[in-house]
Trainee: 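If you scroll down you'll find the structure; I have some questions about it.
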2 protein chains.
Amino acid sequence: MSLMDIKFNERLAARGFRFTSQREHVYSVLLQERDHPTAEQIFFRAKKGMPDISMATVYNCLDTLVKAGLVREVNLDRVAMRYCPNMHEHCHFHCDECGGVFDIGLPPNDGTVPGVELPKGYRVSRVEVSIRGACPKCAKRQRRQQ
Amino acid sequence: MSLMDIKFNERLAARGFRFTSQREHVYSVLLQERDHPTAEQIFFRAKKGMPDISMATVYNCLDTLVKAGLVREVNLDRVAMRYCPNMHEHCHFHCDECGGVFDIGLPPNDGTVPGVELPKGYRVSRVEVSIRGACPKCAKRQRRQQ
DNA sequence: CTAGGTGCAAAAGGTTTGCGGTTAA
DNA sequence: TTAACCGCAAACCTTTTGCACCTAG
C-alpha cells in the first residue's frame, strides 16, 4: 500500500465508500495516462491488470470516484463521457484534429465567471469552459500543409 | 409565406440546402418556445402541427438547420443534445433544480477566452461556457425554504 | 427529370439495471 | 455478520442507418 493509497482510502471513507481493489485499480489507470479517456478506454486499460473486471464495474467505480471527489466527469461532445483525475480548477481544450483533450489552467473560482455579466438572482455552483480548435501540434502541421 | 420564410429560405439556399416544409416546421417549433428542447421534445411538439413527421426527420432537419447556421447544438449533460435558435454570442445557465436552460449574454468573441491564459500554439475555433446552479426562481424558493 | 429529402424500422453506441454471488469493515 | 459491492447479461435511451418512396428545383 503506497502513500497514494492512504489518501485514496481516506477520501473514500470520508464519503462513506468502501475501499475495493477495483476502485483503486480504475483510479490508478486514470492517473497513469492523463488523456481524459472514455469509460470504454478505461475498461480496456483496466483489464490488462485485472482481467475479470466488467464494464458495469468500471461505470460503478467511476461513479463512486466522482462522488468521492477524486475524479471529474468531462462532457465534451455527447459521444461519450470522459474522465479526469485533475481536481484543480481548470478547463479543457478539445482538439478537432487529433481528438486529444488538454487541461488548461484557470484562476481560482471566486463565484464569478470571467467576461460574463450574470443577471441578479442566479446562484452559481459550477462553471465549465470548453474550448475547441487545434492543439499546438496539429495547428503546426496545418500551417505546414498550407 | 412570411418575412421569416424569406430569410429562412435564403439561409438554406446559401448553403445548398433545399426548402422543405419539415425543416420550416421544426425551425418554427424552436422559435415558438425558447426552452432549449431536446430532439425528442421537438419531435412531440412538431407532431402537433405535422402528425406524420418522424423522429429521423427531426434529427435530419436539426442537422441541416445547424449546418445552415440557423440553430446551434447545446451539449449540457450528455443525456440528450439540446437545440437553440439564438445565434448571438451567448452561454448557457443550466438550473440543477428545475432543469431549465437560460441564455446568458457574452461579449463578442475576439478569439481570446476571458480569464483563461491559453499557452502558445493553440488555435481556438469555438469556446463554450456553461454554468450550473440555481436560476433566480429556484434560488429564491431555496432561500425561503431554509 | 433527378438529386436530395422523408418516413419507417432496425441497428448501433453508450450507459444503467436486476440479480445472484462475493467481500470489506 | 451484513450492507455494500462485483460480474454478468439484458434492458434502455438517444442517435444513426439502410432503403423505398416522394418532391423541390
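None of the values given here were measured: they were computed from a predicted structure. Naming convention: chains lettered A, B, ... in sequence-line order (proteins, then strands); numbering from 1 in each chain.
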Trainee: Does a sphere of radius 6.0 Å around CD in E40(A) hold more than 12 heavy atoms from other residues, nucleotides or ligands, not counting ones at 6.0 Å or beyond?
Mentor: no
Trainee: If you only use heavy atoms from C-beta on, which nucleotide in dC6(D), dA24(D), dT17(D) is closest to the side chain of F19(B)?
Mentor: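 Between dC6(D), dA24(D), dT17(D), the one nearest the side chain of F19(B) would be dA24(D).
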Trainee: Between dA3(D), dT15(D), dG7(D), spot the one nearest the side chain of A80(B), thanks.
Mentor: dT15(D)
Trainee: Does the side chain of Y59(B) get closer than 4.0 angstrom to OP1 or OP2 of dT15(D) through an N or O atom?
Mentor: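 Y59(B) to dT15(D) OP1/OP2: side-chain N or O found under 4.0 Å.
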Trainee: If only side-chain N and O atoms of R78(A) are considered, is one of them under 4.0 Å from the OP1 or OP2 phosphate oxygen of dT14(D)?
Mentor: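 No.
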Trainee: Mind grabbing the angle between the end helix axes of the helix from dC1(C)-dG25(D) to dA25(C)-dT1(D)? Five pairs an end, 10° rounding.
Mentor: 40°
Trainee: Return the orientation label for the F93(A) and F102(A) ring planes: parallel under 30°, perpendicular over 60°, tilted otherwise.
Mentor: tilted
Trainee: For T57(B), which contact category applies under a 4.0 Å heavy-atom criterion: base, sugar-phosphate, or nothing?
Mentor: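 Answer is base: heavy atoms of T57(B) come under 4.0 Å of a base.
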Trainee: In whole angstrom, give the distance that lies between atom CG of N60(B) and atom P of dT15(D).
Mentor: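 Computing the N60(B):CG to dT15(D):P distance gives 13 Å.
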Trainee: Which two nucleotides bound the region of DNA chain C that has atoms under 4.0 Å from heavy atoms of chain A, read 5' to 3'?
Mentor: dG14(C) to dA25(C)
Trainee: Heavy-atom nearest nucleotide on DNA chain C for V79(A) versus R23(B): which residue maps closer to 5'?
Mentor: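 Taking each residue's closest nucleotide, the earlier one in sequence belongs to R23(B).
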Trainee: Any chance the rings of H92(A) and H94(A) have centres within less than 6.0 Å?
Mentor: no
